[in-house]
Asks: 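Here it is: the structure, laid out below.
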Amino acid sequence: MELSGRQQEILESLRVEGHVEVEALANRFNVTSQTIRRDLGELCDIGLAARTHGGARKVASVANRQYHERRMLNGPEKEAIGALAAGLIPNDCSLCLNIGTTTEQVARALTRHSGLVVVSNNINIINQLMGTRVRELILVGGAVRTTDGAIVGEDAVEFISRYKVDFAVIGASALDTDGAILDYDSREVSVARAILRNSRTRICVADSSKFDRTAPVRICNVAELDYFVTDKRPPRGFVEAALRGNTQIISLEDQDEHGSLSA
């Protein structure tokens, strides 16, 4: 199921306000209450909201959402972030991308590049780049997590450690205003850390909704990155942490205001 533009706006209201009412939404979008109830019912059925009397509420973030659900969230923003990040990567270089719905959008934008050597623990990314003008595709070895096509664990870490790539591109499940880049699965975090260790330029891609989520395992701090690519300007504390590490923050908001950004 692909979310409609109205459902995306309803989710944004839930993110900001925590709760929505059917009648208020019907007036806002100039549609019937039945239409809004159908929208909310679909969001609740896939776990993106919880039913209440007369509306819906935000779902508590106690665990990561299912991968197919995450693909549906903030799709246009992730696509634009992917294009921005791909603009930092030249032709004829090597890079490593990890599992994530936003890193998949980076890979999609990279289909127009040529001469790339791509290493990934994400089966979806390898499939996306097959048949393009890449020079070589390298799928990380190890156990496949069947829920999302990620290859995780110590075998994957050891495999990645054989390489030294020009660029690392990682995603995140949550972001903290102190600059922490976070995830839920310690096995996945071990792989992300290995990717960062074995690269020359480090890029993290994540949309601003990740600041509204919490996760228990630290990947790194934004100050350890070269670039952080997102849709909206991050909170002040996060920006200050980035400045301490000379990390460049690239946001869609800044691009809209100032035109194309140079790396």
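Count residues from 1 along the sequence. Keep in mind that the numbers below use all heavy atoms, side chains included, and drop hydrogens, waters and symmetry copies.
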Asks: Would Arg187 and Glu154 satisfy salt bridge (Lys or Arg N to Asp or Glu O under 4.0 Å), going step by step from the backbone distance to the final call?
Replies: CA-CA 8 Å; Arg187 298 172 303 163; Glu154 290 308 310; over 6 Å; no

Asks: Rounded to the nearest 0.5 Å, how far does CG of Leu84 lie from CD1 of Ile250?
Replies: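 Output value for this atom pair is 6.5 Å.
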
Asks: Return yes if some donor-acceptor pair links the side-chain N/O of Tyr184 with the main-chain N/O of Ala174 below 3.5 Å, else return no.
Replies: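 No; zero donor-acceptor contacts below 3.5 Å.
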
Asks: Does Arg57 use its side chain to pair, donor to acceptor, with the backbone of Thr52 at less than 3.5 Å?
Replies: no

Asks: Whether the side chain of Ser120 engages the backbone of Leu97 through a donor-acceptor N/O pair (distance < 3.5 Å, no angle test) should be reported.
Replies: yes

Asks: Going by heavy atoms in the side chains, are Arg200 and Lys164 under 4.5 Å from each other?
Replies: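 Arg200 reaches Lys164 side chain to side chain.
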
Asks: Would you say Arg108 has more than 12 foreign heavy atoms packed within less than 6.0 Å of its CZ?
Replies: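 No.
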
Asks: Check whether any side-chain N or O of Asn121 sits under 3.5 Å from a backbone N or O of Ala150 as a donor-acceptor pair, and report yes or no.
Replies: no

Asks: If you round to the nearest 0.5 Å, how far is CG of Leu116 from CD1 of Ile89?
Replies: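 It is 7.5 Å, given to the nearest 0.5 Å.
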
Asks: With heavy-atom distances below 4.5 Å as the criterion, would you say the side chains of Asn198 and Cys96 are in contact?
Replies: no

Asks: Mind checking whether Asp166 and Leu95 have side chains closer than 4.5 Å, heavy atoms only?
Replies: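 The answer is no, as the side chains (C-beta and beyond) never meet within the 4.5 Å cut-off.
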
Asks: Do Ser13 and Arg28 get their side chains close enough for a donor-acceptor pair, meaning under 3.5 Å?
Replies: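 Ser13 vs Arg28: donor-acceptor pair found between side chains.
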
Asks: Please report the interatomic distance CD1(Ile219) to SG(Cys204), rounded to the nearest 0.5 Å.
Replies: 6.5 Å

Asks: Is it the case that more than 12 heavy atoms not belonging to Arg135 sit under 6.0 Å from its CZ atom?
Replies: no

Asks: Quick one: does Ser4's side chain have a donor or acceptor within less than 3.5 Å of a partner on Gln7's backbone?
Replies: yes

Asks: If you apply the rule side-chain hydrogen bond (donor to acceptor under 3.5 Å, both in side chains), what do you find for Asp226 with Thr201, and how did you get there?
Replies: CA-CA 6 Å; Asp226 296 288; Thr201 301; 4.7 Å; no

Asks: Return each pair, listed once, that meets salt bridge (Lys or Arg N to Asp or Glu O under 4.0 Å) where at least one residue sits in residues 94-103; pairs must be two or more places apart or across chains.
Replies: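 The answer is none; no pair qualifies.
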
Asks: Measure the shortest side-chain to side-chain distance between Leu43 and Ile10 over non-hydrogen atoms and say whether it is less than 4.5 angstrom.
Replies: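 Yes, close enough: below the 4.5 Å cut-off.
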
Asks: Between the side chains of Thr101 and Lys78, is a donor N or O closer than 3.5 angstrom to an acceptor N or O?
Replies: yes

Asks: With the 4.5 Å side-chain cut-off for hydrophobic clustering, are Leu175 and Tyr227 part of the same group?
Replies: yes

Asks: Using only heavy-atom distances, determine whether the side chains of Ser209 and Asp207 contain a donor-acceptor pair under 3.5 Å.
Replies: yes

Asks: Flag the pair Arg38 and Glu42 as a salt bridge only when some basic side-chain nitrogen lies within less than 4.0 angstrom of an acidic carboxylate oxygen.
Replies: no

Asks: If we only count heavy atoms from C-beta on, is the Phe167 to Arg202 side-chain gap below 4.5 Å?
Replies: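 No - every pair of side-chain heavy atoms lies 4.5 Å or more apart.
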
Asks: Any side-chain heavy atom of Cys220 within less than 4.5 Å of one from Arg193?
Replies: no

Asks: To the nearest 0.5 angstrom, please state how far the CD atom of Glu9 sits from the CG atom of Leu25.
Replies: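 Taking CD in Glu9 and CG in Leu25, the distance rounds to 10.0 Å.
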
Asks: Please answer whether the main-chain N or O of Leu252 pairs with a side-chain N or O of Asp231 as donor and acceptor at a distance below 3.5 Å.
Replies: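 Not a single qualifying donor-acceptor pair exists.
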
Asks: Given side chain to side chain contact (heavy atoms under 4.5 Å, CB included), test Thr230 with Val205 step by step and report yes or no.
Replies: CA-CA 6 Å; Thr230 188; Val205 291; over 6 Å; no

Asks: If we check side chain to side chain contact (heavy atoms under 4.5 Å, CB included) with Leu88, which of these qualifies: Val229, Val106, Val169?
Replies: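 Result for side chain to side chain contact (heavy atoms under 4.5 Å, CB included) with Leu88: Val229.
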
Asks: Examine the side chains of Thr111 and Gln128 and answer whether a donor and an acceptor come within less than 3.5 Å of each other.
Replies: no

Asks: Look at the side-chain heavy atoms of Ile, Leu, Val, Met, Phe, Trp and Tyr, link any pair under 4.5 Å apart, and say whether Val239 and Leu182 land in one connected group.
Replies: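 Not linked; separate clusters.
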
Asks: Is there a donor-acceptor pair under 3.5 Å between the side chain of Ser161 and the backbone N or O of Val157?
Replies: yes

Asks: Considering only heavy atoms from C-beta outward, does the side chain of Ile170 approach that of Leu196 to under 4.5 Å?
Replies: yes

Asks: For residues 128-160, which residue pairs qualify under ring-ring contact (aromatic ring centres under 6.0 Å, His included), counting only residues two or more places apart or in two chains?
Replies: Phe159-Tyr163

Asks: Going through the distances and angles, do Ile99 and Arg145 end up as a side chain to side chain contact (heavy atoms under 4.5 Å, CB included)?
Replies: CA-CA 11 Å; Ile99 189 70; Arg145 192 167 58 192; 4.2 Å; yes

Asks: If you look only at pairs with a residue in residues 186-220, which of them pass as a ring-ring contact (aromatic ring centres under 6.0 Å, His included), with sequence neighbours excluded?
Replies: Phe211-Phe238

Asks: About how many Å separate CD of Glu104 and CG of Asn127, when rounded to the nearest 0.5 Å?
Replies: 9.5 Å

Asks: Could you give the distance from OG (Ser251) to CZ (Arg233), rounded to the nearest 0.5 Å?
Replies: 5.5 Å

Asks: Are the side chains of Val189 and Asp185 in contact, using a 4.5 Å heavy-atom criterion?
Replies: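 Asp185 vs Val189: side chains apart.
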
Asks: Between the side chain of Ser114 and the main-chain N/O of Asn91, is any donor-acceptor distance below 3.5 Å?
Replies: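 No, because the side chain of Ser114 does not come within donor-acceptor range (under 3.5 Å) of the backbone of Asn91.
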
Asks: Measure from the side-chain N and O atoms of Thr247 to the backbone N and O of Leu225, and report whether any donor-acceptor pair falls under 3.5 Å.
Replies: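 Here the side-chain-to-backbone pair exists.
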
Asks: Any donor and acceptor pair, going by atom type alone, linking the side chain of Asn98 with main-chain N or O of Gly171 inside 3.5 Å?
Replies: yes

